[in-house]
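Only one structure is covered here, and it is reproduced in the block below.
Both ligands and their constituent atoms are indexed starting at 1 by order of listing. Note that the structure is predicted; figures quoted are calculated from it, not measured.
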Amino acid sequence: MIKLSKRLQSVADLVDKESNVLADIGCDHALLDIYLLQSSKIKKAYACDITKGALNQAKINIKKYNIKSIITVLSDGFSNLKDEYNIDTVVISGMGSSKILEILCNKNNLNSIKTIIIQSNNNAKKVRKHLTKIGYFIEKDDIVKDHDLLYITTKYVFNQNKNSNFEINNIRKEVLKNPLYKEYINNIISKNNNIIRKLPAKQMLKKLKLIFNNYKLKRMINK
Ligand SMILES: C[S@@+](CC[C@H](N)C(=O)[O-])C[C@H]1O[C@@H](n2cnc3c(N)ncnc32)[C@H](O)[C@@H]1O
């Protein structure tokens with residue numbers, strides 16, 4: 001059984017046991033898909049990537065671990081995936097949130113997919129807003145630290161439940177008290193403070209916005 005990094009393990013842990021067919025968009029090495037098949041969490045995976053180089057690495061790993069049910073697909077986002085593949089679970093991880101949003105927005109009938117798991121390299125507020133607007137519910141957030149970097153992974157399911165504005169704009173309440181989330185927010189506050197210090201006096205409005213944003217962030221984690 002392969003051992004995943006803490007970051008990828010947090011993605012794998014959010015995949016339902018009763019999932020059938022998974023599409024891993026931007027699979028790169030396909031290690032996640034190999035792990036999910038080895039652990040019988042899924043029955044089949046479409047490992048997709050936009051670059052041939054990444055898919056070649058995926059193919060080497062699939063062969064090495066002798067996994068039969070992974071199909072590699074050269075694809076920009078969902079473009080070469082067909083409805084008849086009956087994909088019920090999608091993972092997009094290890095990309096920036098603008099790229100993830102672009103990929104999600106370019107898919108028609110996205111809501112035929114039951115579960116979407118997202119792990120972006122930066123603030124995913126726009127992704128949270130988009131997916132909840134089209135009918136997905138944020139069922140779980142998780143935060144992990146891997147090689148000194150913090151990652152938030154989110155599981156979205158297509159159902160009738162509704163998240164609060166707080167959950168859509170920030171995080172689910174269960175994670176709010178996690179010390180790693182406090183650290184995550186404190187990192188954002190420090191970055192904002194650096195920008196505030198360097199901004200010239202004429203950019204007063206931008207400065208004030210950042211100061212107010214930091215005030216809201218501090219209140220949120222100290223409540
Ligand atoms: C940093 S890797 C992340 C790999 C893996 N998902 C992970 O979390 O470890 C990002 C991968 O996404 C692929 N990628 C970027 N844009 C893409 C797109 N529009 N469609 C499919 N794959 C894409 C890249 O080629 C690269 O292999």
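Checking N106 against E102 by side-chain atom types alone, no donor-acceptor pair falls below 3.5 Å. Judged by distance alone, the side chains of K82 and N80 never bring a donor and an acceptor atom under 3.5 Å apart. A side-chain donor-acceptor contact under 3.5 Å links N122 and S97.
Taking distance alone, with nitrogen or oxygen atoms compared against 3.5 Å, C48 stays at or beyond that limit from ligand 1. In terms of N/O distances under 3.5 Å, ligand 1 is approached by R7. Geometrically, ligand 1 and C27 share no nitrogen or oxygen pair separated by less than 3.5 Å. Checking only distances, D76 does come within under 3.5 Å of ligand 1, N or O to N or O. In terms of polar-atom proximity, defined here as any N/O pair under 3.5 Å, I50 does make such a contact with ligand 1.
The nearest heavy-atom contact from the protein to atom 5 (C) of ligand 1 is G26 O, 3.4 Å. Nearest non-hydrogen protein atom to atom 10 (C) of ligand 1 is G94 O, 3.8 Å. With respect to atom 2 (S) of ligand 1, the closest heavy atom belonging to the protein is D28 OD2, 3.7 Å.
Proximity of Q119 to ligand 1 is not established, as no heavy-atom distance is less than 4.0 Å. At a 4.0 Å cut-off, at least one heavy atom of S75 sits close enough to ligand 1 to count as contact.
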**Asked** Do Q119 and S93 pass the side chain to side chain donor-acceptor pair (under 3.5 Å) test, and can you show the C-alpha distance, the side-chain angles, and the key distance before you say yes or no?
**Response** CA-CA 4 Å; Q119 186 186 73; S93 70; 4.6 Å; no
**Step-by-step side chain to side chain donor-acceptor pair (under 3.5 Å) determination, Q9 to D13** = CA-CA 6 Å; Q9 187 63 52; D13 289 345; 2.8 Å; yes
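Residues that satisfy the ring-ring contact (aromatic ring centres under 6.0 Å, His included) test with Y156, not counting sequence neighbours, are absent from this structure. K126 meets the salt bridge (Lys or Arg N to Asp or Glu O under 4.0 Å) test with no other residue; sequence neighbours excluded.
Interface atoms of ligand 1 facing G77, defined by a heavy-atom separation under 4.0 Å, are 18 (C), 19 (N), 20 (N), 21 (C). For ligand 1 and M95, the ligand atoms under 4.0 Å from any heavy atom of the residue are 12 (O), 14 (N), 23 (C). Listed by number with element, the atoms of ligand 1 under 4.0 angstrom from any heavy atom of I103 are 18 (C), 19 (N). Atom numbering of ligand 1 starts at 1 in the shown order; those under 4.0 Å from a heavy atom of T51 are 25 (O).
Neither the backbone nor the side chain of V11 has a heavy atom within less than 4.0 Å of ligand 1. The residue I92 has no part lying near ligand 1, judged by heavy-atom distances below 4.0 Å.
The two residues I100 and S120 have their closest heavy-atom pair at CD1-CB, 3.5 Å.
If you check each of N80, D49, N121 against atom 27 (O) of ligand 1, the one with the closest non-hydrogen atom is D49. Between the choices A54, S93, S5, the shortest heavy-atom distance to atom 8 (O) of ligand 1 belongs to S93.
The pair E174-R172 meets the salt-bridge criterion, with a side-chain N (NZ, NE, NH1 or NH2) lying under 4.0 Å from an Asp/Glu carboxylate O.
In terms of modelled atom types and a separation under 3.5 Å, the side chain of D88 and the main chain of N20 share a donor-acceptor contact. Side chain of E167 to main chain of I138: no donor-acceptor pair is present (N/O by atom type, distance under 3.5 Å, no hydrogens or angles).
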